[in-house]
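Atoms within each ligand, like the ligands themselves, are counted from 1 in listed order. This chain uses plain numbering: 1 for the first residue, then up along the sequence.
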Amino acid sequence: MGRRTGPILGAGVLGLTLALTACAPDAADDAIQLVGVAMPTTTSPRWIADGENVTAQLEALGHDVDLQFAEDDVPTQVAQIEAMLDAGAEALVVGSIDGTALKDVLARAAAQDVPVIAYDRLIRDSPDVAYYATFDNARVGVQQGTSLLQGLGVLDEAGEPTGVTGPFAVELFAGSPDDNNATVFYEGAMSVLQPYLDAGVLEVASGETDFATIATPAWNGETAATRMGALLDTHHAGTRLDGVLAPADILAVPILEVLRTHGYGGADQPWPVVTGQDADVAAVKALIAGEQHSTIYKDTRQLAEVAVQMVDALLAGREPETNDVTSYDNGVRVVPSYLLTSQVVTRDNYTQVLVESGYYTQEELG
Ligand code: BGC
């Protein structure tokens, strides 16, 4: 395993590495504070890395950690958070499943003066979310849309129009409707794609472009694969599909499998341009093999570092560092946030972005 699940060596994104050394736990310290870390699922490798990174960094600062994964089941996540509060957790880090379903349990946290950090996904409809640690999710969507157009040759490497007008046949996928990020990714991508749809450079034969229709509940890869198969059989039989907007690698990889069974990937039928997100190992292998066009790299070590500095500051009575206090209105309040930057990865730059940064070793990528 590479450093994907290890500490970041050298200065971290917030200079936290120094703090780690400075605040190394004293074995005799009996004021150890318990932090509950609720993660959504282990079905996607990124959440496992997130859970491990947050835990390791909190422990390095001398905190005890209760890490739980809820396997995409909302009642399980609520029960896990309740158990953390029962066990005396003094702060919570929550990667939510359904961003609208935690209002009551977070009210309980607030009644116990337990601050809550929303991790990666915004928790909606609750006044009891103290801070939000995430990536610039709108930018992720823009990067996905841009990358699809670059793969098709409509935009050049610098993102400038090439004059290529297609038309190109594409189909669009979105993430889970209960995950706030899914809408933000979609809107970011559509902000780039819509002008080309309007101009007829991109054509969606199914006509399915609105979020509700193209969403994939629970980010379920099988659901996306089934939809891809139906779209191919119904709208692209005998006509080539040129591109697929896939919002995450856990959807892109099963979509590629369906494309393969429909004859794509051979010399006479090259792969459509397929996007992704997370730089999952399976997806990076697909990039290297020339199957998936791109993914979006979000360094989960940095995200853990941001969330951990928020927790540590709050427990010490300090104000956490934020860099965005306007973008994320959760329906009740604008949650002060720290947004990290993501990066587009293709076959051309994966070595530099993923291997030279120490996120993966070359061996892990085969
Ligand atoms: C995350 C993505 C992830 C998706 C599915 C989103 O909320 O931001 O990184 O691919 O959930 O797990």
Side-chain angles (χ1 to χ4, degrees), residues 4 38-51 53-54 69-74 77 93-102 117-124 129 132-144 147 173-189 211 214-225 244-255 274-284 286 292 294-304 306-307 327-328 330 335 337-345 354 359:
R4 182 172 56 93
M39 289 291 165
T41 182
T42 56
T43 52
S44 153
R46 72 148 289 183
W47 296 113
I48 301 174
D50 285 306
N53 285 326
V54 173
F69 293 89
E71 304 313 343
D72 282 323
D73 184 57
V74 176
Q77 185 164 61
V93 176
V94 180
S96 57
I97 298 164
D98 181 338
T100 65
L102 300 177
I117 309 294
Y119 187 89
D120 192 84
R121 298 171 171 176
L122 184 64
I123 300 174
R124 297 195 56 87
V129 187
Y132 182 29
T134 193
F135 287 82
D136 184 340
N137 296 304
R139 185 160 182 266
V140 169
V142 167
Q143 289 174 325
Q144 291 172 325
S147 172
F173 287 73
S176 188
D178 56 5
D179 175 355
N180 190 67
N181 284 350
T183 320
V184 182
F185 299 147
Y186 168 78
E187 286 171 356
F211 178 79
I214 68 171
T216 313
W219 292 94
N220 186 302
E222 276 175 39
T223 305
V244 180
L245 176 76
D249 294 341
I250 46 167
L251 306 190
V253 171
I255 284 171
V274 179
T275 62
Q277 173 174 198
D278 292 330
D280 287 351
V281 169
V284 181
Q292 188 169 323
S294 63
T295 184
I296 307 292
Y297 168 53
K298 304 194 303 188
D299 189 336
T300 51
R301 300 169 301 182
Q302 291 186 352
L303 185 58
V306 169
S327 296
Y328 283 100
N330 80 346
V335 184
S337 308
Y338 194 104
L339 310 187
L340 288 160
T341 306
S342 53
Q343 229 178 316
V344 180
V345 181
L354 300 176
Y359 201 65

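Asp120 has a carboxylate O that lies under 4.0 Å from a charged side-chain N of Arg46, or vice versa, which qualifies the two as a salt bridge.
In this structure Arg139 satisfies the side chain to side chain donor-acceptor pair (under 3.5 Å) test with no other residue, sequence neighbours excluded. In terms of the side chain to side chain donor-acceptor pair (under 3.5 Å) criterion, Asp136 has no residue partners (sequence neighbours excluded). For Glu71, the side chain to side chain donor-acceptor pair (under 3.5 Å) partners two or more places apart in sequence, or in a different chain, are Thr41, Thr42.
Two residues are said to be in side-chain contact when any heavy atoms from C-beta on lie closer than 4.5 Å; Gln144 and Ile296 meet this criterion.
Among protein residues, Arg46, Trp47, Asp120, Arg121, Asp179, Asn181, Phe185, Trp219, Ala248, Ile250, Gln277, Asp278, Lys298 come within 4.0 Å of ligand 1, judged on heavy atoms.
Inspection of the Tyr328 and Asn330 side chains reveals no N or O donor paired with an N or O acceptor under 3.5 Å.
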